[in-house]
Amino acid sequence: MAEQRLSFKEMCAKFDVTPRTLRYYEYIELLQPERDGRSRWYGPKEVARMTLILRGRKFGFQLEDIRQWLLIYEHDGTEAQMRAWIELADRQLVELDEQRKQLDEAIAELRDLRNQTAANLDG
């Protein structure tokens, strides 16, 4: 049985991304589909990479960090990739905690200002 391959259009639909996004990921070498004339085909490896890319984006990682992390796997294997992932995740957790703190402060300040304004209207 042949490997499952997705067309460019099917890949966009599967991951709910725009053609522009998919082309950009190829341009910066996150993805390297097979080419057959003008057609692009994505095999299981590219589907797995896309899953990891989108997961990394969800967690707020920069595309360059994701690209470097994927390169580690290709050059150094799974263990090195897992070690790099832990390091990236630790840095990103600190960043997300800081963002949450700033967001909590902004929410509290906005809520106070809103409540003061409402009290002034009622008073």
Check: Arg57 side chain, Phe61 main-chain N or O, donor-acceptor pair, under 3.5 Å: yes
Side-chain heavy-atom pair Gln4, Val47 within 4.5 angstrom cut-off: no
Ionic contact status for Glu79 with Arg83, cut-off 4.0 Å: yes
Candidates Leu63, Leu71, Asp65, Leu70 - the one meeting side chain to side chain contact (heavy atoms under 4.5 Å, CB included) with Arg67: Leu71
Check ion pair Arg35-Glu26 (N to O, under 4.0 angstrom): yes
Under 3.5 Å donor-acceptor, Glu46 side chain and Gln32 backbone: yes
Non-hydrogen side-chain atoms of Phe59 and Arg55 separated by less than 4.5 Å: yes
Gap separating the CD atom of Glu105 from the CD atom of Gln102, nearest 0.5 angstrom: 7.0 Å
Side-chain (Arg40) to main-chain (Ser7) donor-acceptor, under 3.5 angstrom: no
Crowding at CD, Glu95 (>12 non-hydrogen neighbours, <6.0 Å): yes
Test item: Leu22 and Phe8 side chains (from C-beta on) under 4.5 Å apart, heavy atoms: yes
Side-chain heavy atoms of Thr51 within contact of Phe15, under 4.5 Å: yes
Asp97/Arg100 salt bridge by N-O under 4.0 Å criterion: yes
Under 3.5 Å: donor-acceptor pair, side chain of Thr117, backbone of Leu113: yes
